[in-house]
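Here is the structure we will look at, set down as structure tokens.
When a ligand or atom number is given, it counts from 1 through the structure's own listing order. These numbers come from a predicted model, not from an experiment.
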Amino acid sequence: MNTFVVGGGVIGLAVAWRAQRSGLTVTLIDPEPASKASHASAGMLPGGSAQLYGQPDLLSLCADSRNLIPSFVAELEEFASAGYRRDGVLDAAFDEDAFQALDRQQSLQESVGVRTERLTPEECRKLQPAFAPVLGGLLSPDDGSVDPRTFTAALSTAFQALGGTLIRRRVTRITDHEVTLDNGDTAAFDRVVLAAGCWTHRIEGLPPGTVPEIRPVRGQIVRLQSDTPLLNLTARANIRGTSLYLVPRLDGELAIGGTYEDGGYDEAPTAEGTRELLTRAAEVIPGVGALRFREISVGLRPGSPDGLPLIGATAVPDVYLASGHYRMGVQLAPVTAEIITALLTDTAPPAVRASGLPGTPVDPPRGG
Ligand code: FAD
């Protein structure tokens, strides 16, 4: 079965690798794989998030993906390092409201089998001595993060090592079992998976409505550097109703993210984005100003009409969709790849979610 995957962010790469591994002949098409939202991402893999209240389908999809991560990473690491850390995620409460919210957060996480521990202020400080005074915390000791750049590089290596083909071109048009590339070439497929992030609906040729409009939600993220890591483990600093992601890497990098902006397709970082993130970070990590500035980057999160990922078959035969993962694409990559691969190999349980369902506009939550 000649299968095309259009778009090589974390979603397209994960799908391409798992589909190739299952015995399909896969061609991934992307002018610059892993360069967009997946390149900017913090790579946090939390065991749950306050934004999942009232969204049982998404909560259980996240739980399924979380359960897949260890084996997914272990198989990936047969090819290359995945940049995975499983040394805990700390939700730290820096004000009374955030402290009160820890109970709800804990019951949400435990409802999907995530092990949690409540921490006193002293225990939080012991884990993260660089923090400003906290009121308390919630530790998920079995969760962690990946470095998305290492992770996507490993997916690409694994995919190609198994014989997958990468075409560095943009797809401009899809018609009956054929794609047109930006150099005018055409190529025939048996099945195609559309995974082009917030650009997915812009590919021409399919009947109107086949792909719902995917809204770009801009996120800026700052990367700082120190000789030794300033934080010991991944954290969310919860304060004034917002959650700031703090993701330390073993090489001393600290990713601080991210903003939520309706900025269309503009991918230029701004001084205001940098200021906002550094100001918020300094409030919870007083010593952060001493770190070296490494980078500010922008990613466009793909937001579906109702905020839920679009994973499954479309109304057009042999055209599948894996997009709209919004703020959770890295953590949902394993389950997305498993669902799509099962559909492509006709071994699927029903798709978690077919595309094209009507929905309400995405209301971006803060943080992440
Ligand atoms: P993208 O990564 O945007 O990839 C789309 C790909 O499609 C690109 O490579 C592009 O070149 C290609 N493409 C576009 N058009 C075409 C075409 N016509 N033909 C061929 N190829 C095409 N998620 C988490 O799980 N944890 C986090 O901690 C986290 N933090 C984040 C922090 C920030 C600041 C941002 C911006 C996002 C964060 N996310 C996080 C969200 C996550 O990054 C996204 O959900 C995920 O990267 C989406 O992946 P994707 O493959 O769908 O899209």
Problem set entry | Atoms of ligand 1, numbered as shown, that sit under 4.0 Å from any heavy atom of I11 |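 Counting from 1, the qualifying ligand atoms are 49 (O), 50 (P), 51 (O), 52 (O).
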For this session: Check each atom of ligand 1 against the heavy atoms of Y245 and keep those under 4.0 Å away; list them by number with element.
Result: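 Those atoms are 28 (O).
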Exercise. Could you give the distance from CD1 (I311) to CG (L343), rounded to the nearest 0.5 Å?
Worked result: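 It comes to 10.0 Å.
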Problem set entry | Selection from Q220, M44, Q331 by shortest heavy-atom distance to atom 28 (O) of ligand 1 |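 Nearest heavy atom to atom 28 (O) of ligand 1 lies in M44.
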For this session: Would you tell me which option among S38, P31, G9, G329 has the nearest heavy-atom contact to atom 49 (O) of ligand 1?
Result: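 Minimum heavy-atom distance to atom 49 (O) of ligand 1 goes to S38.
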Check this for me - ligand 1, [X], N or O atoms closer than 3.5 angstrom, yes or no?
X    : result
A42  : yes
Y326 : yes
I203 : no
I221 : no
P302 : no

When you look for heavy atoms under 4.0 Å from ligand 1, do you find them on the side chain of [X], its backbone, both, or neither?
X    : value
H39  : neither
R301 : side chain
T172 : neither

Exercise. Got a salt bridge between E78 and R21, using NZ or NE/NH1/NH2 to carboxylate O under 4.0 Å?
Worked result: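 Answer for the salt bridge query: no.
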Exercise. Is it true that R280 and E283 have a side-chain N and a carboxylate O under 4.0 angstrom from each other?
Worked result: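 No.
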Problem set entry | Donor-acceptor pair between N238 and S243 side chains, under 3.5 angstrom |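 Their side chains do contain a donor-acceptor pair, which is all the 3.5 Å distance test asks for.
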